[in-house]
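Here is the structure we will look at, set down as structure tokens.
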Number of protein chains: 2
Amino acid sequence: MALVVQKYGGSSVADAEGVKRVAQRIVATKKAGNDVVVVVSAMGDTTDELIDLAEQVSPLPPGRELDMLLTAGERISMALLAMAIANLGHEARSFTGSQAGVITDGSHGKARIIDVTPGRIRSALDEGAIAIVAGFQGVSQNSKDITTLGRGGSDTTAVALAAALSADVCEIYTDVDGVFTADPRIVPTARQIPRISYEEMLEMAACGAKILHLRCVEYARRYAIPIHVRSSFSQREGTRVIESIEGTDMEQAIISGVAHDRSEAKITVVGVPDKVGEAATIFTVLADAEINLDMIVQNVSAASTGRTDISFTLPATDGQTAMSALNKVKERIGFESLRYDDRIGKVSLIGAGMRSHPGVTAKFFSAIAEAGVNIEMISTSEIRISVVVDGDDVDAAVASAHRAFDLDAEQVEAVVYGGTGR
Amino acid sequence: MALVVQKYGGSSVADAEGVKRVAQRIVATKKAGNDVVVVVSAMGDTTDELIDLAEQVSPLPPGRELDMLLTAGERISMALLAMAIANLGHEARSFTGSQAGVITDGSHGKARIIDVTPGRIRSALDEGAIAIVAGFQGVSQNSKDITTLGRGGSDTTAVALAAALSADVCEIYTDVDGVFTADPRIVPTARQIPRISYEEMLEMAACGAKILHLRCVEYARRYAIPIHVRSSFSQREGTRVIESIEGTDMEQAIISGVAHDRSEAKITVVGVPDKVGEAATIFTVLADAEINLDMIVQNVSAASTGRTDISFTLPATDGQTAMSALNKVKERIGFESLRYDDRIGKVSLIGAGMRSHPGVTAKFFSAIAEAGVNIEMISTSEIRISVVVDGDDVDAAVASAHRAFDLDAEQVEAVVYGGTGR
């Protein structure tokens with residue numbers, strides 16, 4: 001008997017019909033002889049509606065109370081899902097994050113999981129029931145207050161429970177058929193990837209592929225939990241995220257896919273005095289403001305002026321915070337000015353194969369150039385190359401790179417669902 | 001410094017504006033130098049909407065899951081209320097029933113409170129915060145599952161917390177100005193009652209006055225918690241429910257008011273053999289079906305036939321259950337037939353004064369007769385007389401009795417609010 005953890009997103013349980021359809025899928029898994037633990041998100045737009053309500057009441061709601069409010073969303077969806085399963089003749093018991101033993105730190109709105117003690121889940125399974133767990137939420141270790149895990153939280157809940165229960169697989173159900181070689185809305189010939197390594201999936205997630213959140217993949221890699229990404233709207237096989245597959249499977253394409261991300265902005269600090277420690281000061285200021293930087297480029301210093309420019313990218317949502325933090329130290333550091341640009345896009349080529357294939361970088365840059373797109377910044381890792389381009393050029397760059405690496409399917413394969421929710 | 005427990009119903013927090021208005025009232029109480037614990041119901045029609053959702057998913061949802069679902073309602077309202085208070089510059093912390101230490105038995109949907117261990121509430125108060133508690137919900141002692149207290153549950157939560165915290169007063173805020181001598185929608189000249197004893201309030205609640213639920217008044221009487229019923233939409237003084245006031249206040253009218261109830265039905269068991277034990281069998285069958293009876297009348301046996309009729313009233317919602325339970329034992333008991341009538345109404349006169357005023361009963365019956373209304377059944381207690389009449393005659397009977405006992409105000413006093421919710 002296998003232990004399967006399944007996670008269903010908000011678009012899969014957007015209404016009563018969705019809840020009933022998901023219940024049938026869960027019961028089918030149970031009938032196939034598995035123990036089943038289900039993690040569920042809030043229905044459709046519930047979370048956004050609750051945030052709207054909070055904003056009507058207070059411009060800056062306390063994090064503790066916002067978490068208390070938002071966790072009502074999964075409470076509703078999980079109870080309805082348990083009812084729908086009961087109506088199919090199987091016992092299901094719903095558990096809040098707290099009841100499921102999801103212990104976190106006290107950072108409201110972005111809590112980190114410290115421990116998972118799923119005693120009640122284990123008991124429910126031992127008694128033959130299906131366990132339904134509220135995603136996205138936990139309880140803080142010290143204050144016993146309710147917390148939420150932030151973006152991608154329900155995926156993380158699912159993987160954390162799978163790890164704590166030593167599950168055989170963690171199935172992430174969403175509204176697309178799996179992970180694709182590129183966003184099918186930009187590249188209609190994008191292929192669905194049957195298998196991908198944790199490392200490549202991490203890079204895909206970090207580079208803008210929205211199907212799995214970074215934290216979830218990190219957690220799965222650390223505990224070696226196989227993830228299976230599938231659509232709750234079809235019976236297709238989906239994508240398996242597993243241990244590194246390089247070497248063991250020579251037929252695997254060396255390039256996994258092309259990801260893109262329009263959510264970042266670029267700040268350039270112009271005319272920084274080229275002295276030891278000035279760059280460190282800039283990044284200390286940004287770190288103190290709790291801003292996560294992505295790519296950083298320091299231009300070669302112009303010998304004539306003794307000054308240099310430093311550019312970096314960051315989430316556009318942190319743009320204003322970063323600009324004001326830097327402006328406060330303008331005199332101290334002595335830089336000339338700041339430039340801000342949020343009309344940028346990042347295009348990334350990801351593939352374990354590029355480690356041993358030095359021609360990949362050149363081919364990628366050629367493809368971008370053939371599309372007539374100018375490269376503004378570059379960064380690389382062992383299994384990824386990213387370039388920053390003008391936001392308007394992202395689609396052309398993605399399509400050209402996708403074609404250059406023979407990722408196109410024979411025919412259009414991608415089917416994107418999800419008209420019912422977010 | 002006094003400790004005040006305040007309870008706000010769903011109509012008081014029906015929308016963001018309501019939540020903000022209630023927050024101001026709470027903060028005013030805090031600023032006046034009190035420790036404040038607030039019990040809040042779900043917003044407006046939230047509970048009904050959640051029940052609708054449940055019905056879309058399952059015709060017979062498990063009680064455990066229905067409770068999990070419904071408790072989302074107070075979670076939303078209490079978090080919003082805490083945010084609104086924070087926005088006024090005061091710290092507020094919301095607590096679920098479980099966090100507030102409301103320990104119940106395991107009867108989902110109608111749990112009874114076993115114990116209240118408000119350690120976290122006490123801590124919040126000690127640290128200067130306002131505590132907001134979800135009404136209507138608790139956690140079962142044995143299974144640790146979430147429970148709900150059933151109808152009137154939030155009022156009961158408030159009184160139970162007030163008792164556990166030794167509060168000075170429990171204020172119940174609603175959408176009318178207090179307890180009236182009759183329903184102002186039927187008797188526009190009904191007067192608001194400034195003070196009433198627990199016993200009279202119990203009889204009022206049991207006889208259909210919907211302003212306070214029976215369980216809440218019982219709890220308050222047992223622990224001698226003064227209740228203060230007020231409108232959250234006005235600054236009027238409302239009604240205080242306190243220890244017996246008879247004797248200590250000779251000016252108190254001996255009659256408190258006239259209550260009515262259209263929610264009951266009458267079943268008549270026709271032609272019951274007049275033998276020892278037959279009536280007992282009937283009521284054992286009904287007790288086994290967990291039906292609460294109200295009034296019971298056994299006609300004098302007709303000597304010629306050796307048979308009698310037994311009539312009783314019960315909540316109309318239990319009518320079908322009772323009829324089928326009785327039909328199953330028709331042969332065994334040997335009665336002739338069953339008659340069912342849900343077009344009845346109960347009109348009750350309540351007042352501690354009638355204990356020592358034997359003329360009250362006669363005056364009440366005369367008033368009913370003057371209205372041209374036929375009395376079908378009668379029952380009395382030391383401080384109450386109730387009659388069952390045709391449902392269409394309720395308004396006339398109430399108005400006539402109200403007038404006969406000089407309860408009418410000089411001018412129309414009642415103002416009924418509550419257009420925003422239920």
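We name chains A, B, ... by the order of the sequence lines, and we start the count at 1 in each one. All values below come from the heavy atoms of this structure, side chains included, with hydrogens, waters and symmetry mates left out.
Highest contact tally toward chain B, considering only Ala82(A), Ser94(A), Pro59(A), is held by Ser94(A) [criterion: heavy-atom pairs under 4.5 Å]. Ranking Ala92(B), Ala72(B), Pro62(B), Ala54(B) against chain A, the residue ahead of the rest is Ala72(B), based on heavy-atom pairs under 4.5 Å. Chosen from Lys20(A), Arg64(A), Gln56(A), the residue pairing most often with chain B at heavy-atom distances under 4.5 Å is Arg64(A).
With values rounded to the nearest 0.5 angstrom, Ile146(B) atom CD1 is found 5.0 Å from Gln99(A) atom CD. Expressed to the nearest 0.5 Å, how far CG of Leu70(B) lies from CZ of Arg75(A) amounts to 10.0 Å. The structure places CG of Leu81(A) at 12.0 Å from OG of Ser58(B), a figure rounded to the nearest 0.5 Å. Between Met68(A) atom CE and Ile76(B) atom CD1 the span is 12.0 Å, to the nearest 0.5 Å.
Interface remark: Ser143(A) contributes backbone atoms only to the contact with chain B (heavy atom separation under 4.5 Å). In this structure, the portion of Ala86(A) lying under 4.5 Å from any heavy atom of chain B is its side chain and not its backbone. Thr71(A) touches chain B through backbone and side chain together, each having a heavy atom under 4.5 Å away. Using a 4.5 Å cut-off between heavy atoms, Ser77(B) does not touch chain A at all. Looking at Leu66(A), both its backbone and its side chain come within 4.5 Å of chain B, counting heavy atoms on both sides. For chain A, the nearby parts of Arg93(B) are the backbone and the side chain; heavy atoms of each come within less than 4.5 Å. Interface remark: Ala23(A) contributes no atoms to any contact with chain B (heavy atom separation under 4.5 Å).
A heavy-atom distance below 4.5 Å is not found between the side chains of Ile132(B) and Glu65(A). The closest side-chain heavy-atom distance from Asn87(A) to Val57(B) is not below 4.5 Å. For the pair Arg120(B) and Asp145(A), the minimum side-chain heavy-atom distance is below 4.5 Å.
Annotation: Glu91(A), atom CD; neighbour count of heavy atoms from other residues, nucleotides and ligands within 6.0 Å is above 12. Counting heavy atoms of neighbouring residues, nucleotides and ligands inside a 6.0 Å radius, atom CD1 of Ile114(A) exceeds 12 of them. Taking a 6.0 Å sphere around CD of Glu49(A), one finds it holds more than 12 heavy atoms contributed by other residues, nucleotides or ligands.
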